[in-house]
Amino acid sequence: MPVLAERMSHAKPSTIMMIADKAKKLKAEGRDIISFSVGVPNFLPAHHVYQAARDALEHDSGQYLPGRGEDSLINAYLLRLEENGFSGYSKNNIASGIGAKHILFALLYALLNEGDELLIPTPFWTTYRDIADLIGAKSVLMHCSSDQDYKLTPAQLEAAITPKSKVLLFNNPSNPTGMVYTEAEIKALGDVLEKHDLWILSDDIYNRMIFDGIGFHHLLKTNPALRDRIIMIDSISKSYGMPGWRVGLMAGPEAIANAVVTLNSNSITNIPGVVGAAAAAAIAGPQDFADDMCVEFAKKRDQVMAIMAQISAVTCPTPRGAFYAFPDISSVYGLTHQGITITNDVVFCERLLETKGVAVVPGGAFGEPKAIRISYACKAKDLTEGLKRFKAFFDEIV
Ligand code: PLP
């Protein structure tokens with residue numbers, strides 16, 4: 001019997017998707033389930049986005065399209081970059097793919113040899129390490145605990161860099177923690193990076209979701225000397241409520257964009273035209289909804305934090321962006337819930353789902369087993385009810 005390639009022994013399905021599927025299955029069986037698991041924004045794209053998709057369908061030739069992305073999409077992205085102060089990019093600096101996940105896969109594939117080190121501030125978005133495992137690169141996890149607001153310090157970064165370090169993955173605002181770096185914090189990290197020859201993948205996909213007026217700051221602006229080594233990654237999934245449409249984008253040095261285009265030509269060929277047209281319409285269209293979206297998410301964040309403040313067993317740094325909270329719940333490990341000992345994050349999540357019907361993701365999936373991730377971009381009614389159950393669960397722990 002022929003066997004799978006050896007590399008598949010490192011491959012595993014996404015934990016987040018597994019939890020989300022379990023929650024869906026229980027719901028289908030008639031259970032009253034509230035899902036705080038998957039990172040899906042609770043809004044739909046604007047009318048003009050659907051209209052652009054319909055128009056494209058009407059004129060669709062069904063032919064193969066450019067692997068970099070169609071000009072309308074690239075120009076929309078370039079315009080947005082320019083408007084946000086990232087000037088000087090042109091078509092050859094851009095590539096598109098089937099979601100930021102695919103762009104990240106292509107970039108890591110293009111940049112890392114087997115055994116090269118990928119530096120990952122931890123907690124991290126699960127897929128970073130999973131891709132590194134698949135391509136045989138070594139993940140170097142820089143552990144950032146809740147008492148440092150889950151943020152990487154310059155000293156940690158400096159200490160982690162070795163001659164084998166090839167890429168830093170920097171995600172701001174962060175999934176899973178919701179943390180947002182200040183300008184000074186980014187500048188301090190940038191000063192370290194200027195001394196070392198590393199690629200920097202800046203996963204900026206939550207850049208429009210920042211609260212409390214702290215703004216979105218970027219290594220490209222604090223440390224322009226890094227420009228030739230920075231690759232920016234963006235996506236329509238979260239900002240425009242379009243996770244299933246699957247469009248991701250990158251901007252960076254020409255050689256890197258070209259590498260992604262080459263990989264596209266050997267894998268996806270092109271983004272489907274209808275999807276690309278919808279993405280272009282979303283990116284080029286009015287952006288004023290983003291402020292309302294941030295106001296809504298900030299209110300939900302406040303609601304989450306109000307409950308966290310009532311649970312003494314929890315330590316939860318206040319999220320400033322995205323739509324996640326990442327409470328450290330490790331003080332209940334070793335205690336019991338209805339006679340069952342909560343030994344770790346996985347048991348905690350299983351008990352919470354089974355007894356209260358609330359799905360959250362174990363922090364171990366993000367490299368921090370002391371915590372769990374709550375995605376709070378759900379309906380207001382579900383958030384209120386889910387948080388009530390979350391608190392009740394803690395009240396039953398002895
Ligand atoms: N990067 C981060 C930090 C994410 O949270 C996600 C999705 O959850 C992605 C990338 C992938 O986004 P996309 O849906 O565009 O593949």
Side-chain angles (χ1 to χ4, degrees), residues 13-20 35-43 45 69 73 77 80 94-109 118 120-132 139 144 150-152 167-181 200-210 216 218 231-251 260 264 267-268 271-272 275-276 278-279 282-283 297 319-326 360-361 363 365-368 373-378:
S14 154
T15 312
I16 304 172
M17 289 306 174
M18 273 161 51
I19 305 270
S35 182
F36 291 160
S37 59
V38 76
V40 178
N42 178 39
F43 64 94
L73 176 62
Y77 181 44
R80 204 53 67 213
I94 310 296
S96 60
I98 305 288
K101 189 185 269 182
H102 168 239
I103 290 281
L104 275 158
F105 193 102
L107 287 169
L108 293 176
Y109 191 85
L118 170 66
I120 312 181
T122 302
F124 51 79
W125 181 51
T126 50
T127 298
Y128 301 153
R129 187 173 58 184
D130 294 343
I131 297 175
S139 297
C144 311
Y150 299 124
K151 287 188 200 176
L152 181 69
V167 178
L168 167 71
L169 239 167
F170 187 64
N171 174 217
N172 177 51
S174 155
N175 175 6
T177 66
M179 291 302 123
V180 178
Y181 286 78
I200 300 143
L201 299 194
S202 188
D203 182 343
D204 308 331
I205 79 161
Y206 295 96
N207 68 71
R208 291 170 199 83
M209 297 172 182
I210 298 185
F216 176 58
H218 203 280
I231 301 138
M232 293 188 279
I233 298 158
D234 210 340
S235 163
I236 61 167
S237 292
K238 318 289 173 172
S239 305
Y240 302 104
M242 300 173 74
W245 292 74
R246 312 304 304 133
V247 176
L249 290 145
M250 61 135 288
V260 172
N264 282 354
S267 53
I268 62 162
I271 296 176
V275 169
I283 297 171
F297 284 147
R320 305 274 177 201
F323 41 71
Y324 307 106
F326 202 61
V360 297
V361 185
F366 309 95
E368 177 49 283
R373 189 190 76 172
I374 295 173
S375 171
Y376 57 78
C378 53

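Each ligand, and each atom within it, is numbered from 1 in the order the structure gives. Since the model is a prediction, treat every value here as computed from it, not as a measurement.
Aromatic pair Phe366/Tyr150: ring centres not closer than 6.0 Å. Here Phe170 and Tyr181 bring their ring centres to under 6.0 angstrom of each other.
Using modelled atom types and a 3.5 Å distance limit, the side chains of Ser239 and Arg208 yield a donor-acceptor pair.
Ring-plane geometry between Phe323 and Phe297 is classed as tilted, the angle between the planes lying from 30 to 60 degrees on a 0 to 90 degree scale. Note: Trp125 and Tyr128 have perpendicular aromatic rings, judged against thresholds of 30 and 60 degrees for the angle between ring planes.
Formation of a donor-acceptor pair under 3.5 Å by the Asn171 side chain with backbone atoms of Ser202 is not found in this model.
The immediate protein surroundings of ligand 1, defined as residues with any heavy atom under 4.0 Å of it, consist of Gly99, Ala100, Lys101, Trp125, Tyr128, Asn171, Asn175, Asp203, Ile205, Tyr206, Ser235, Ser237, Lys238, Arg246.
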